J.: 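Pasting in a structure now, in structure tokens, and then I'll have a few things to ask.
First the proteins, then the strands, lettered A, B, ... as listed; each starts at 1. All values derive from a computational prediction rather than experimental measurement.
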Amino acid sequence: MTVVKVMMKEALQTVSDLWSLMVGLNVTKRYFLEPQITVRYPWKEVHNLATFKGHLELVSSKTPGKGKCISCGMCAMACPSNCLTVVKRKAPKPTPEEEQALAEAKAKGEKPKDKTPKDPEKFLYDYTLCSLCGTCMENCPVGALDFTGSAYLAGYTREDFHFDLVQVLKNQAGLEGVDETAAPGAGQSEG
Amino acid sequence: MNAIPAELLHIVIGLVAVAASVGLIGLVMVWVERKVAGHIQRRPGPFEVGPSGVLQPLCDALKLVGKQLFMPLGADPILFWLAPVLAFLPVLLLFLPLPVGDGLQALDVNLGLLLILAFSGLAVLSVLLAGWASNNKYGLLGAARGVAQSVAYEIPLLLSVLSVSFVAGSLNLATVVEGQGTWPWNWNIMTQPLAFLIYFVSAFGETNRAPFDLPEAESELTAGFHTEYSGMGFGLFFLAEYANMVVVCAVATALFLGGWHGPVLPGPVWFVLKVSSLMLLMVFARWTFPRVRFDQLLNINWKWLLPLAVANLLLTAFFVKLAQFA
Amino acid sequence: MEDMAKIAFGLYTLIILGGSVLAVGAKSLVRAMVGLIATLLGVAGMYMLLNSPFMALMQILIYVGAISVLIFFAIMLTRADAGGEEAESAPLRQNLLSLLAVLSVGGILGWLVLTRPLATTGVPVEVSIEKLGLGLLGPYGLAFELISVVLLVSMAGAVLLAWERRNGK
Amino acid sequence: MSALTLYQLVALILLMAGLFGIAQRRSLVGMLISVELMLNGAGLSIVAASQLTPANAVLGQLGTLFVMGLAAAEATLVLAIIVVIARRFGTTKTSVVSTLKG
């Protein structure tokens, strides 16, 4: 009896196997009839770039043209390929009154309040070295960095990929001192 | 000496027509395959050259013709170039006995089916010579696989074809078609469904199409027996593969799907329609099923197709005899 | 013979000649096999000329499709590479002796063929495939059955001979 | 010369080529090829004789068909024997395989 059972099982298995072939063909047919996903790129613009990770950019704060960056340098330290350089702003030269106030405060034993602006003077970014690993973003204490959605970045020389992200941010906000050459990627980013 | 005999003239014209149509079919099939594959994977396929990329295969063909012909060191020069020619020439002969329409047949021979079976066997030789002569291990492996496969799959193919010709009582394809009716329930597929299934599966094996494309399995043998071929050498193998596909589909149409029979439309249109839908099915199968392992391939043949084909043939013979007595 | 048939005959004879010379004389066995195949195709053409297309197709189906593939497997399984088995030609003495044997046999047979021609009808008889089938099942049924038995036995014998025992059993 | 004689001469050529090959070839596969040549000559001779003379044409064609079947059987067996010999001696040269000791 067991032989019959085994044979029955084999036969049933075969039938179900054949049926699975039909199911597979059906899946193929369904996909064949569904619309395409691929965008014919040079002729049509790509719109679904929400998940695209382009080069880095500074996240804008509430005041336009200013980033959230506090020039702590954590990103540059964390960067495995050393593509970031944060140039801190120099402390402004104190006016005579301020200097006096400072001296007074010192005399009182108070710690002087640092008046140096936190935002970076320059945020140099070498896209040719960047591996888009995102370590800088993870290490940023204030969340000042993000990937752009720009898929259309192109340039003729290596220097085209050396950005000053502060300048990029300013260009985006349309502020004065717009420097076209400094930021080829600016203004095109989407998403 | 009198004029050239009419029969010979008929064959020559048929050959020329066949050669032209084989080239055309090859080009169209390349385009269809790439387009269908693209759509199945929800991408456009070729679309740059010509409307929807129809001229793409033509450009590819031009590229192939223009390419330098390479021969590997230590290869057998005569056999190396003989192989692609041997792959292509018999295929032209295979088209001759195909009945496209009522009376539309290049060569109306009594043994048309036998001719097709005999000359499709020559394809094995080309695979074998190509693999051996190119002095390449992948080539040789592909050739060994190809030969083992085609020799094995020829048997159930032959048996399933035989069971149809038992019913029709003829080896002439046109006669077999005439024995069938206009509507699908008058076709041989209704009386011989198992034979059709066996024939179609074996046809995959015979034409080296995926999922049975082990002689040219890219992932393990680079390109199998035609690894070393460049330019038109490769092009001829390619053309022969598609032409072979057309032949097996046309034979299946004539034997099982009523050939040129069909309502309303004229015969040749029905024939072409049926052949192209079968070919579309083959393309679909290629992009649906994963390639089988070689032992699985041979197991399918020897353990399933062959016994089933023999049983089918015996049953058919029994019923044919019974019908004669009745 | 018609003119066309004469031309075809000459062509097939050339193919057969060239093929058999290659089959016998080629250093590489695969080339010899290609010569054999050419010869087989030439003979198939001759069958076609003799108004027996069934024989021609069977010749291609059996010889070219099956036997030459077997021979190819034999070549591959014995690992005879291009310059291998037949590279050095036979010694002169052996060549002369075999030539003598061939010429004596061929001379006698050729003399017989040329001096004692058979009465021919000149036109090949047409035999329908039905007649062949009836012959196979009727008067020559025993031979037909015997050949199938021989084939079966040889197949079983081949499997038995080439069976590689595993696990030292 | 009648057509039949011409066909017989071609068959004779095939026979001679095969015979020469058997005598002169040094490997078993080469000999197998030569045997096939001779069998083809025989087949051609039989078919030509039966087709071009008043003899029984069916018998001639079927006889050649049987010869083909026998050739297939013979090739199968020879293939097996060659495989065994190649496994045992490492070669199929007849000069090496001529030993009588098992």
Side-chain angles (χ1 to χ4, degrees), chain C residues 1 13 16-17 20 23-24 29 32-33 36 39-40 43 46-47 50-52 55 58 62-63 66-67 70-71 73-75 77-78 80 85-86 90 94-95 98 101-102 105-106 109-110 113 117-122 124-125 127 131-132 135-136 140 143 147 150-151 154-155 157-158 161-162, chain D residues 2-10 12-21 23-27 29-30 32-34 36-37 40 43-44 47-49 51-54 57-59 61-62 64-66 68-84 86 91-93:
Chain C
M1 270 200 274
T13 311
I16 289 176
L17 263 180
S20 48
V24 173
L29 280 177
M33 190 195 76
L36 176 66
T39 314
L40 297 175
V43 172
M46 292 244 167
Y47 286 152
L50 283 167
N51 209 356
S52 43
M55 292 311 299
M58 277 331 232
I62 298 178
Y63 266 112
I67 293 181
L70 275 181
I71 293 175
F73 266 109
I75 296 172
L77 287 174
T78 52
E85 301 279 321
E86 300 283 343
Q94 193 188 343
N95 266 341
S98 39
V102 167
V105 172
L109 285 176
V113 166
L118 282 168
T120 78
T121 51
V125 196
V127 182
K131 270 191 191 162
L132 287 179
L136 274 183
Y140 314 114
I147 201 102
V150 167
L151 267 173
S154 73
M155 211 163 70
L161 267 177
Chain D
S2 69
L4 178 60
T5 317
L6 283 175
Y7 281 114
Q8 299 292 20
L9 282 181
V10 173
L12 186 60
I13 289 172
L14 278 174
L15 173 76
M16 283 161 69
L19 203 58
F20 183 74
Q24 177 257 358
R25 280 289 193 197
R26 319 190 68 188
S27 69
V29 183
L32 176 61
I33 290 175
S34 307
E36 299 298 341
L37 278 183
N40 255 278
L44 181 60
V47 170
Q51 291 289 93
L52 291 170
T53 59
V58 175
L59 179 57
Q61 294 204 12
L62 289 184
T64 311
L65 202 62
F66 290 149
M68 285 182 195
L70 276 180
E74 165 249 323
T76 329
L77 268 183
V78 172
L79 170 66
I81 292 170
I82 285 176
V83 167
V84 170
T91 177
T92 56
K93 277 187 188 164

J.: For chain C, which candidate among Gln8(D), Glu74(D), Met16(D) shows the most heavy-atom pairs at distances under 4.5 Å?
T.: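 Ranked by heavy-atom pairs under 4.5 Å with chain C, first place is Met16(D).
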J.: If every non-hydrogen atom of Gly135(C) is compared with every non-hydrogen atom of Val58(D), which pair is closest and at what distance?
T.: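 It is CA-CG1, 4.4 Å.
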J.: So which of Ala73(D), Ala80(D), Pro54(D), Gly21(D) has the largest heavy-atom pair count under 4.5 angstrom toward chain C?
T.: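 So the answer, after comparing Ala73(D), Ala80(D), Pro54(D), Gly21(D), is Ala73(D).
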J.: Tell me the closest heavy-atom pair linking Leu79(D) and Leu70(C), and the distance in Å.
T.: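 Shortest heavy-atom separation between Leu79(D) and Leu70(C) comes out as CD2-CD2, 3.4 Å.
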J.: Measure Leu52(D) against the heavy atoms of chain C and call it side chain, backbone, both or neither at under 4.5 Å.
T.: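 For Leu52(D), backbone and side chain are both near chain C.
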J.: Give the member of Met46(C), Met155(C), Met58(C) that has the highest number of heavy-atom pairs under 4.5 Å with chain D.
T.: Met46(C)
J.: Let me confirm one number: the CE-CG distance from Met33(C) to Leu32(D), rounded to the nearest 0.5 Å.
T.: 11.5 Å
J.: I need the residue from Leu15(D), Leu65(D), Val78(D) with the largest number of non-hydrogen atom pairs under 4.5 Å to chain C.
T.: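 Of the options given, most contacts go to Leu65(D).
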J.: As an exercise: rank Ala49(D), Ala72(D), Ala57(D) by heavy-atom pairs under 4.5 Å with chain C and give me the winner.
T.: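 Ranked by contacts with chain C, first place is Ala72(D).
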J.: Locate the shortest heavy-atom distance separating Ile82(D) from Ala74(C); write the atom from each residue and the value.
T.: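 Heavy-atom minimum between the residues: CD1-CB, 4.3 Å.
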J.: What are the two closest heavy atoms between Phe66(D) and Tyr140(C), and how far apart are they?
T.: CZ-O, 4.1 Å
J.: Taking every non-hydrogen pair under 4.5 Å, which of Gly157(C), Gly110(C), Ala143(C), Ala66(C) racks up the most with chain D?
T.: Ala143(C)
J.: Counting heavy-atom pairs closer than 4.5 Å to chain D, which one of Leu40(C), Leu136(C), Val150(C) comes out on top?
T.: Leu136(C)
J.: Quick check for you: to the nearest 0.5 Å, what is the distance between Phe73(C) atom CZ and Thr76(D) atom OG1?
T.: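 Answer for the CZ-OG1 pair, Phe73(C) versus Thr76(D), is 13.0 Å.
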J.: Below 4.5 Å, heavy-atom pairs only: which of Leu132(C), Val127(C), Val105(C) has the largest tally toward chain D?
T.: Leu132(C)
J.: Check whether Thr39(C) gets within reach of chain D through its side chain, its backbone, both or neither, counting any heavy atom under 4.5 Å.
T.: side chain
J.: Could you tell me the separation between the CD1 atom of Ile33(D) and the CD1 atom of Ile67(C), rounded to the nearest 0.5 Å?
T.: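 Spacing of CD1 (Ile33(D)) from CD1 (Ile67(C)) equals 12.0 Å.
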J.: I need the minimum non-hydrogen distance between Ser52(C) and Val47(D), along with the two atoms involved.
T.: OG-CG1, 3.8 Å
J.: Testing Leu37(D), Leu14(D), Val10(D) for side-chain contact (heavy atoms from CB on, under 4.5 Å) with Val43(C), which one passes?
T.: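 Considering Leu37(D), Leu14(D), Val10(D), a side-chain contact (heavy atoms from CB on, under 4.5 Å) with Val43(C) is found only for Leu14(D).
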J.: As an exercise: rank Val84(D), Leu77(D), Ile81(D), Val83(D) by heavy-atom pairs under 4.5 Å with chain C and give me the winner.
T.: Leu77(D)
J.: Among Ile62(C), Thr13(C), Val24(C), who wins on heavy-atom pairs under 4.5 Å with chain D?
T.: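 Counting heavy-atom pairs under 4.5 Å, the top option is Val24(C).
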J.: Minimum heavy-atom separation for Ala48(D) and Leu50(C), please, with both atom names.
T.: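 Answer, listing the atom of Ala48(D) first, then Leu50(C): CA-CD1, 3.7 Å.
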